[in-house]
**Student:** 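Before I ask anything, let me first share the structure, which is written out below as structure tokens.
Letters A, B, ... are given to chains in the order of the sequence lines, protein chains preceding strands, and every chain is numbered from 1.
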Amino acid sequence: MCGRFTLSKPVQAVAELFKLAEPPAELAPRYNIAPSQPVAAVAPKRDGISRGLAFLKWGLVPSWANDATSGYKPTNARSDSLHKPTFREAFRFKRCLIPADGFYEWKAEGKKKLPVHFRMTDGGVFGMAGLWEVWTDGTTKLATCCLITTEANEVVGAYHDRMPVIVPPEMHAAWLDLDTPEHELRTLLRPYPAEGMSAHPANPIVNRATVEGPECLTPAA
DNA sequence: CCAGACGTTGTT
DNA sequence: GTCTGG
DNA sequence: CCAGACGTTGTT
DNA sequence: GTCTGG
């Protein structure tokens with residue numbers, strides 16, 4: 001699964017990969033993005049052509065929820081569960097790409113939980129398949145999101161049996177396009193090729209969600 | 001039909 | 001054990 | 001995802 | 001809102 005990730009590259013790298021017309025001036029480097037925190041997400045603008053970047057709270061609140069504060073808010077959606085009530089509308093109309101340059105999984109070693117950081121072999125930015133929603137009670141609006149997971153590839157599989165769906169750059173447009181037929185979308189929801197990825201032990205300090213700095217990636221002594 | 005859930009992961 | 005907060 | 005809390009009443 | 005279980 002994916003419950004923590006990183007996005008530390010300069011905003012230019014993000015703007016280039018996702019073809020953002022109006023990138024923000026800056027993106028604060030983040031080494032420990034956790035559920036309930038704001039997540040940068042790329043989605044088509046209303047014109048359906050250009051793309052925008054917005055911040056969404058990680059943990060999907062469907063539009064029909066009675067209130068946005070209580071109840072379970074999924075941080076992940078299994079790729080084979082996208083027809084379920086919680087995800088159905090978002091899968092059809094509110095797909096997004098969530099920029100990252102790595103994600104964490106944990107390996108239980110006795111009592112300890114040892115984090116491992118997975119990234120592209122070239123260390124670059126990539127896009128994870130996500131869904132978003134806007135919940136409102138008429139007074140307040142809350143924009144939320146979640147990641148889509150699939151089976152792990154051979155690199156991640158040594159630690160966990162699930163991983164986030166990573167959409168190759170040439171498929172970004174198809175994933176975001178509202179006119180892409182469902183069967184074509186589903187072909188995108190597969191494990192990213194293991195050849196393009198690598199695993200690196202991370203620092204257990206990352207277990208604490210309030211630690212945000214680059215020390216998260218430094219293996220413990 | 002109505003009532004009640006609506007989700008994932010990992011661990012046992 | 002289970003829920004909440006980050 | 002992991003870490004950390006997990007509760008009430010009355011009084012100030 | 002929409003699906004599942006009874």
**Student:** Looking only at non-hydrogen atoms, find the nearest pair between A:Pro99 and A:Val42 and report the distance.
**Tutor:** CG-CG2, 4.0 Å

**Student:** For D:dC2 versus B:dT9, give the span between their P atoms, rounded off to a whole number of Å.
**Tutor:** 13 Å

**Student:** Could you give the CG-to-C1' distance, from A:Leu60 to D:dC1, as a whole number of Å?
**Tutor:** 17 Å

**Student:** Start with the C-alpha gap between A:Lys45 and A:Glu22, add the side-chain angles, then the distance that decides, and say whether salt bridge (Lys or Arg N to Asp or Glu O under 4.0 Å) holds.
**Tutor:** CA-CA 11 Å; A:Lys45 292 191 177 184; A:Glu22 297 162 7; 3.2 Å; yes

**Student:** Closest approach to the side chain of A:Ser36, judged atom by atom: which nucleotide of C:dG6, E:dG1, D:dA3 is it?
**Tutor:** C:dG6

**Student:** Send over the distance from A:Lys73 NZ to C:dG6 C1', rounded to a whole Å.
**Tutor:** 13 Å

**Student:** Atom NZ of A:Lys57 and atom C1' of D:dC1: how far apart are they, to the nearest Å?
**Tutor:** 16 Å

**Student:** Could you tell me which non-hydrogen atom of A:Ile98 sits nearest to which non-hydrogen atom of A:Gly130, and how far apart they are?
**Tutor:** CD1-CA, 4.3 Å

**Student:** Taking the same atom, P, in B:dT11 and in D:dC1, what whole-Å distance lies between them?
**Tutor:** 9 Å

**Student:** Heavy atoms within less than 4.0 Å of DNA chain B: which residues of residues 123-152 of chain A have one? Give them sorted by number.
**Tutor:** A:Thr149

**Student:** A:Tyr159 OH to D:dC2 P: how many Å, rounded?
**Tutor:** 16 Å

**Student:** If the cut-off is 4.0 Å, is A:Arg162 near the phosphate of B:dT9, judged by side-chain N/O to OP1 or OP2?
**Tutor:** yes

**Student:** To the nearest Å, give me how far apart CZ (A:Arg88) and P (E:dT4) are.
**Tutor:** 11 Å

**Student:** Given the P atoms of D:dG7 and C:dG5, what is the spacing between them in whole Å?
**Tutor:** 11 Å

**Student:** Rounded to the Å, how far apart are A:Arg92 CZ and E:dG1 C1'?
**Tutor:** 12 Å

**Student:** Using whole Å, what does the distance between atom P of nucleotide D:dC1 and atom CZ of A:Arg30 come to?
**Tutor:** 18 Å

**Student:** Who are the salt bridge (charged side-chain N to carboxylate O under 4.0 Å, His left out) partners of A:Asp80, not counting sequence neighbours?
**Tutor:** A:Arg78

**Student:** Where the side chain of A:Trp64 is defined as all heavy atoms beyond and including C-beta, which of C:dG6, B:dC6, B:dT9 is the nearest nucleotide?
**Tutor:** B:dC6

**Student:** Assert yes or no for the condition that the ring centre distance of A:Tyr159 to A:Phe118 is strictly below 6.0 Å.
**Tutor:** yes

**Student:** Using the closest heavy atom to pick a nucleotide of DNA chain B for each, name whichever of A:Ala77 or A:Lys113 lands nearer the 5' end.
**Tutor:** A:Ala77

**Student:** Out of B:dC6, D:dA3, B:dT8, which nucleotide sits closest to the side chain of A:Asn76?
**Tutor:** B:dT8

**Student:** What interatomic distance, in whole Å, is found between P of C:dG1 and the corresponding atom of B:dT8?
**Tutor:** 23 Å

**Student:** Rounding to an integer number of angstrom, what distance separates C:dG6 and B:dA3 when you compare their C1' atoms?
**Tutor:** 35 Å

**Student:** Going by 5.5 Å between centroids and 30° between planes, is there a stack of A:Trp106 over D:dC1?
**Tutor:** no

**Student:** Could you spell out the base pairing of DNA chain D in dot-bracket, with Watson-Crick or G-U pairs whose two distances are under 3.5 Å, [ ] crossing and | to another strand?
**Tutor:** ||||||......

**Student:** Counting only side-chain nitrogens and oxygens, does A:Arg208 get under 4.0 Å of the OP1 or OP2 atom of D:dG4?
**Tutor:** yes

**Student:** Output the rounded distance in Å from NE2 (A:His83) to P (E:dC3).
**Tutor:** 9 Å

**Student:** Check this one for me: any side-chain N or O of A:Arg78 less than 4.0 Å away from OP1 or OP2 of B:dT9?
**Tutor:** yes

